[in-house]
Protein chains: 2
Amino acid sequence: MSPQHPARRAATVADIARVAKVSKATAARALGEYGQVSQAVRDRVLAAAEELDYRPNALAKSMNTGRSNTIGVVVGDIENPFFAVAMRGISDVASEAGYSVILINSDETVEAEEAALDVLLDNQVDAVIVAPASSAHVEHLGNAARAGRPLVLLDRRANGEGYDSVTVDNRSAARAATEELLRHGHRRIAFVSTHEYPQPTYQRGHEITMSSVADRVTGFLETLDAAGIDDPERYIQLDARRRGVDVVTRELLQEDPPVTAIIASDSLIAMSVFSTVRSDGLRIPDDVSLIAFDNPAWTAITTPPLTVVEQPIYELGAAAARRALQRVRDERVADAALVFETRLLSRESVGAAPA
Amino acid sequence: MSPQHPARRAATVADIARVAKVSKATAARALGEYGQVSQAVRDRVLAAAEELDYRPNALAKSMNTGRSNTIGVVVGDIENPFFAVAMRGISDVASEAGYSVILINSDETVEAEEAALDVLLDNQVDAVIVAPASSAHVEHLGNAARAGRPLVLLDRRANGEGYDSVTVDNRSAARAATEELLRHGHRRIAFVSTHEYPQPTYQRGHEITMSSVADRVTGFLETLDAAGIDDPERYIQLDARRRGVDVVTRELLQEDPPVTAIIASDSLIAMSVFSTVRSDGLRIPDDVSLIAFDNPAWTAITTPPLTVVEQPIYELGAAAARRALQRVRDERVADAALVFETRLLSRESVGAAPA
DNA sequence: CTGAAAGCGCTTACAG
DNA sequence: CTGAAAGCGCTTACAG
């Protein structure tokens, strides 16, 4: 057992009041630092609290105030560096403002996301930040509003109105990446994502239910269209996780003629593409060029270092938290979509298209 | 404003009871699925709940039961892949058991850790998991026991008795890494850590206040001692963050004679060593060998791929959570130190010592 | 400045 | 199986 006091019943305001010989209300006022208390009484109460090892019960306080000073966050997977960094941003802003954060992973599944939201709302979080697994299945997101708690969408939008969101301009990010490739003479460019997609192959016009991916595809296609590339959607590979990013990569490389450049929709995909290309004996960028979304530190130390689309991930999280707290303080602000810009960081994984 | 109901007062058990025409106790029993309720009454209550969009208040429930079904976690930095993965393990076990987790970063500072613990305890978490910033400053850890909440140490031990801990066998891990280097003929081997250390240079016998680092240093030194290496502690570099890992690496490489191998105490350090070595025009492993602690995916795709000490990080987190929940259920189990083994994964960053 | 009372939204004995 | 009452640990008017 623990070396400390065997932890009998924890001291409460009532206990302090008894010892300090004041009323509960007065003890609470001194302890909670609100209302008026004379110095003498305050000293007595604080001494009693010290003596009894008093520790306020935040839940009891929340019940009265209707504020839990807690914000809930649901992300796809905290193990993913993208979310880990965003979470840091959220966390820092929250802590700074005196808020705690409850984290739940959804595994990018709407069922888990629904359950997570329920748990958070039941636990009376003051606000919730979610990276929605789907922009189409959003009925449950309404629960936050119904429960009177502000909701901020992180990194992805959702269909319908009435949502605050903090995202990145994925469309122009994809455009920039695609243009960079076109500039180097590439004509057969692939876009690889692991977002779940019901069809075996992508069809233009079909809805992609993750707004970040949908926007990237839009930027990708419009750039290729404008360049006069025929049928550019044939090289769009969604749902690469199911078949395996390595398998998908290999297919792309074995087309006739093969793809000469690949845009990876996140750093995990890029890693897999990178190692597949190399283990197949091909060189980057001589045989195939590669651009990755996200800029984790390792992308700078590979051979060659990767050209990437850098996103302000930490800022994304921080901004989402700021927006959420702003809502908590004032419910009457208008819905807003905050959109951050990305930056194409040219390193050495993009080269001239092979002849 | 939100598109949903303007969110007037949320429905409570009392509201449901009124509508269903039963007592609050009965409504609560049906809603909370405890006690006995006739089917007819249950149906009526559930219908009323549906109609009023009822959502239980978990805080109110916690106040009565004394259980919040929440566990608190304080780690150095969730942005660090090590903690992100451990957090995933904690999260998965917690969710599975119906627990939520509140996460707070300490930035490896004991002041923040103290504050974090207070917040968690005040919020009535049922248990707390902490990766203590220091094994020496641990008075505040006793607060958990004093408040009657189980505490499990993650990845690092703390001085004193009465702690549950889940760690890795760092001493033998360091031994294995060092032996691997000796086997390749290295005699001047450095160990680089970013753990804060008060002295400019490490002195044998001085306390290192992070148990993981202390254990690695022990394993490192005893292996070199056994190999008859003279004064092996001269190549121990702690607190590398302050001076910069690149600066420290450069110094090591410019000693006369220079160090021929480096053990990096985590993957972030390894990344920095790796790029410094290369930007200085040296080759790995021809000029200098490198072994990194931790095995993030990128270490397999660098040129050359890195030899690493793989730690079961996810398992570490999961085990800590399991232990915490076990404590929550039964306070009377004995303290335990769970120690996981690591594995040396030989890739290509270790070569023969240059002549 | 201080206190008595009621209340936050549940659960828990205790009766019936 | 159902209900009336008390209680969890605080805060909030309302008096004085």
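Throughout, a chain's letter reflects where its sequence line sits, starting with A, and its residues are numbered from 1.
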Presence of donor-acceptor pair under 3.5 Å, side chain of A:Arg29 and base of C:dG3: yes

Whole-Å gap separating P (D:dG7) and CG (A:Asn57): 18 Å

Among C:dC10, D:dC8, C:dT11, the one nearest B:Met63 by side-chain distance: D:dC8

Carboxylate-amine/guanidinium contact A:Glu50 A:Arg44, below 4.0 Å: no

Interatomic distance where CG belongs to B:Leu59 and P belongs to C:dC10 [whole Å]: 10 Å

Atom-to-atom span, NZ of B:Lys24 to P of C:dA13 - whole angstrom: 17 Å

Candidate nucleotides C:dC10, C:dC1, D:dG9, ranked by approach to the side chain of B:Thr12 - the nearest: C:dC10

Under-4.0 Å side-chain N/O to phosphate OP1/OP2 contact, A:Thr65 with D:dT11: no

Side-chain N,O (B:Ser62) to OP1/OP2 (D:dC8) below 4.0 Å: no

Between C:dT2 (C1') and A:Arg42 (CZ): distance, integer Å: 13 Å

Heavy-atom donor-acceptor pair, B:Asn105 side chain to B:Asp107 backbone, under 3.5 Å: no

Under-4.0 Å side-chain N/O to phosphate OP1/OP2 contact, A:Tyr34 with D:dA13: no

Opposite nucleotide pairing with D:dA4, Watson-Crick or G-U, both atom distances under 3.5 Å: none

Separation of C:dG9 C1' from B:Arg18 CZ (nearest whole Å): 13 Å

For D:dA13, the Watson-Crick or wobble partner whose two distances fall under 3.5 Å: none

Charged N-O contact under 4.0 Å between A:Asp126 and A:Arg149: no

B:Val22, nearest nucleotide to its side chain (from D:dG3, C:dC10, C:dG3): D:dG3

Check: B:Arg88 main-chain N/O paired with A:Glu79 side-chain donor or acceptor under 3.5 Å: no

Options C:dT2, C:dT11, C:dG9, nucleotide nearest the side-chain atoms of A:Val37: C:dT2

Whether A:Thr12 side chain and A:Ala14 backbone form a donor-acceptor pair below 3.5 Å: yes

Candidate nucleotides D:dT11, C:dG3, D:dG7, ranked by approach to the side chain of B:Asn64 - the nearest: D:dG7

Proximity to the side chain of B:Ala25 - top-ranked nucleotide from C:dG3, D:dG3, C:dC1: D:dG3

Given C:dC1, D:dT2, C:dC10, the nucleotide with the shortest approach to the side chain of A:Gln36: C:dC1

Rounded distance in Å - CD (A:Gln124) to C1' (C:dC10): 11 Å

Side chain to side chain donor-acceptor pair (under 3.5 Å) between A:Thr26 and A:Ser23, worked out: CA-CA 5 Å; A:Thr26 298; A:Ser23 70; 3.1 Å; yes

D:dT2 phosphate, OP1 or OP2, under 4.0 Å from B:Ser23 side-chain N/O: no

Whole-Å gap separating C1' (C:dG9) and NZ (A:Lys61): 19 Å

A:Asp43 CG to C:dT2 P, straight-line distance once rounded to whole Å: 11 Å

Touch class at under 4.0 angstrom, heavy-atom based, for A:Arg55 against every strand present: sugar-phosphate

